[in-house]
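Below you'll find the structure, written out as structure tokens, and then a few comments.
Predicted, not measured: the structure shown is a model, and the values here were computed from it.
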Amino acid sequence: GNTHTANGATEVISACVSAATVQGKMKSQKRFVLADSGYYATEIFNACALQNAKFVIAARETVYGPILQKRRLHWNTTSDITFFDGRACEIDEVVHTHPGCRQALRIVLVRALKTDHANGIFKDNDYDYAAFVTNIGMHEMNAVKVLRKYRMRANGENFIREMKNGVNLRRFQCKRLVSNNAFALAAAFAQSLLRFMAHISAKNGKIIHFAKRLRNALIHIPCQVVKHGREVTFRLSETHHREVEIWLKCYHDIKLLHAASVQKSSPPLFLN
């Protein structure tokens with residue numbers, strides 16, 4: 001909390017992008033850095049430029065506010081994308097010169113009409129705005145594709161929240177490092193299993209839900225707990241037992257499919 005988000009990020013970006021280049025062994029491969037407004041900094045822009053990486057970074061209101069006031073924008077209505085909460089939006093883009101940056105940048109601006117705009121008191125306060133700065137040229141990617149590219153990072157935030165809240169990995173609870181390592185592996189396996197269950201249950205174009213919804217539908221199964229003679233017995237209904245058998249069969253089929261595709265010299269994916 002006492003350290004700015006961008007502090008030390010240049011070293012991480014340089015190391016990760018450079019390692020991706022060596023591993024891929026392709027000089028022409030495309031690499032993208034997607035980040036929130038905390039990484040809006042000159043050193044971040046220059047680090048990406050030195051590594052020949054494209055970036056899309058959210059901009060704060062202090063950055064796009066002067067642009068809205070000083071420049072005459074030509075907003076274009078689009079139906080290819082919506083605002084973050086589903087509202088219809090308008091898009092515009094301008095060339096931006098950031099002090100100390102090695103290259104000219106481009107800012108993609110988005111605005112959506114407020115639901116209560118009729119009750120607004122101040123002029124030009126009828127819209128909610130968002131802006132994203134990028135070094136991707138207009139000839140390389142249009143504004144809609146830039147926004148969709150950034151939403152890949154926004155979707156990554158959903159999985160961070162999934163690990164924190166869905167799998168209860170807000171903190172490592174063990175004192176020993178080796179115990180925390182085992183705890184993290186168990187949490188990663190649980191999260192992978194939940195995503196597998198989410199995709200299996202979302203057939204016929206249904207929404208792929210996260211752990212909170214799946215827990216209520218598939219994990220919190222009612223049962224009767226019987227304690228007798230120092231033994232505890234869980235009594236489930238026959239319907240729930242059949243559902244569990246179906247899930248185990250699906251998992252077993254996936255296990256056999258992966259095992260059949262692995263070469264004999266490779267280590268086994270699943271151990272009994």
Side-chain angles (χ1 to χ4, degrees), residues 1-20 23 31-41 44 55-58 84-85 148-203 206-223 225 232 234 236 240 243-244 246-255 257-259 262 267-272:
N2 297 327
T3 304
H4 192 271
T5 305
N7 289 351
T10 54
E11 291 81 359
V12 176
I13 292 175
S14 300
C16 293
V17 176
S18 178
Q23 184 179 3
R31 291 155 295 162
F32 295 93
V33 177
L34 311 176
D36 58 16
S37 59
Y39 295 90
Y40 185 94
I44 301 296
F55 62 82
V56 184
I57 300 176
F84 69 92
D85 55 358
R148 287 177 176 170
K149 177 67 69 174
Y150 181 80
R151 286 187 174 180
M152 296 174 63
R153 188 213 68 85
N155 190 39
E157 293 285 349
N158 293 329
F159 292 98
I160 296 176
R161 181 187 61 185
E162 178 81 341
M163 291 299 293
K164 288 183 178 179
N165 302 330
V167 193
N168 194 20
L169 202 63
R170 296 185 184 91
R171 63 186 64 86
F172 289 102
Q173 305 173 5
C174 307
K175 294 182 179 180
R176 299 182 60 191
L177 184 61
V178 64
S179 301
N180 285 325
N181 187 16
F183 183 76
L185 290 174
F189 176 77
Q191 199 272 343
S192 301
L193 186 60
L194 283 171
R195 293 307 297 169
F196 166 74
M197 296 172 67
H199 282 273
I200 293 298
S201 61
K203 294 182 178 179
K206 294 182 180 179
I207 299 176
I208 301 175
H209 296 287
F210 289 96
K212 183 177 180 180
R213 181 71 176 269
L214 292 173
R215 185 180 292 110
N216 295 331
L218 302 175
I219 300 178
H220 286 172
I221 299 177
C223 68
V225 181
V232 180
F234 297 92
L236 302 174
H240 294 153
E243 291 180 358
V244 172
I246 293 174
W247 280 107
L248 290 176
K249 184 180 183 303
C250 293
Y251 177 74
H252 187 268
D253 292 342
I254 295 294
K255 173 181 174 181
L257 178 63
H258 280 275
V262 176
L269 290 181
F270 300 94
L271 298 177
N272 295 327

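Judged purely by distance below 3.5 Å, without hydrogens or angles, the side chains of Asn165 and Arg170 pair a donor atom with an acceptor atom.
In this structure the side chain of Leu34 never reaches within 4.5 angstrom of the side chain of Phe55, judged on heavy atoms. The side-chain heavy atoms of Ile208 and Arg195, taken from C-beta on, include a pair separated by under 4.5 Å. For the pair Glu162 and Asn158, the minimum side-chain heavy-atom distance is 4.5 Å or more.
For the pair Glu157 and Arg153, the salt-bridge criterion is met [side-chain N within less than 4.0 Å of a carboxylate O].
For the atom pair Phe32 CZ and Tyr150 OH, the distance stands at 15.5 Å (nearest 0.5 Å). Taking CG from Asn181 and CZ from Phe172, the interatomic distance works out to 8.5 Å, rounded to the nearest 0.5 Å. To the nearest 0.5 Å, atoms NZ (Lys164) and CZ (Arg171) are separated by 10.5 Å.
Figure legend: cation-pi geometry between Arg161 and Phe210, with NZ or CZ positioned under 6.0 Å from the six-membered ring centre and within 45° of its axis.
Closest approach of Asp36 to Ile57, counting heavy atoms only: O-CG2, 3.3 Å. Of all the heavy atoms in His209 and Ala198, the pair that sits closest is O-CB, 3.3 Å. Heavy atoms only, all atoms of each residue included: Ala211 and Gly166 are closest at CB-CA, 3.8 Å. Taking all atoms of both residues into account, the shortest heavy-atom contact from Phe183 to Leu169 is CE2-CD1, 3.2 Å. Closest of all the heavy-atom pairs between Ala9 and Ile44 is CB-CD1, 3.6 Å.
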**Request:** Start with the C-alpha gap between Tyr39 and Thr10, add the side-chain angles, then the distance that decides, and say whether side chain to side chain contact (heavy atoms under 4.5 Å, CB included) holds.
**Result:** CA-CA 10 Å; Tyr39 295 90; Thr10 54; over 6 Å; no
**Request:** Show the numbers, then the answer: is there a side chain to side chain contact (heavy atoms under 4.5 Å, CB included) between Asn168 and Gln173?
**Result:** CA-CA 10 Å; Asn168 194 20; Gln173 305 173 5; 4.0 Å; yes
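Annotation: Arg213, atom CZ; neighbour count of heavy atoms from other residues, nucleotides and ligands within 6.0 Å does not exceed 12.
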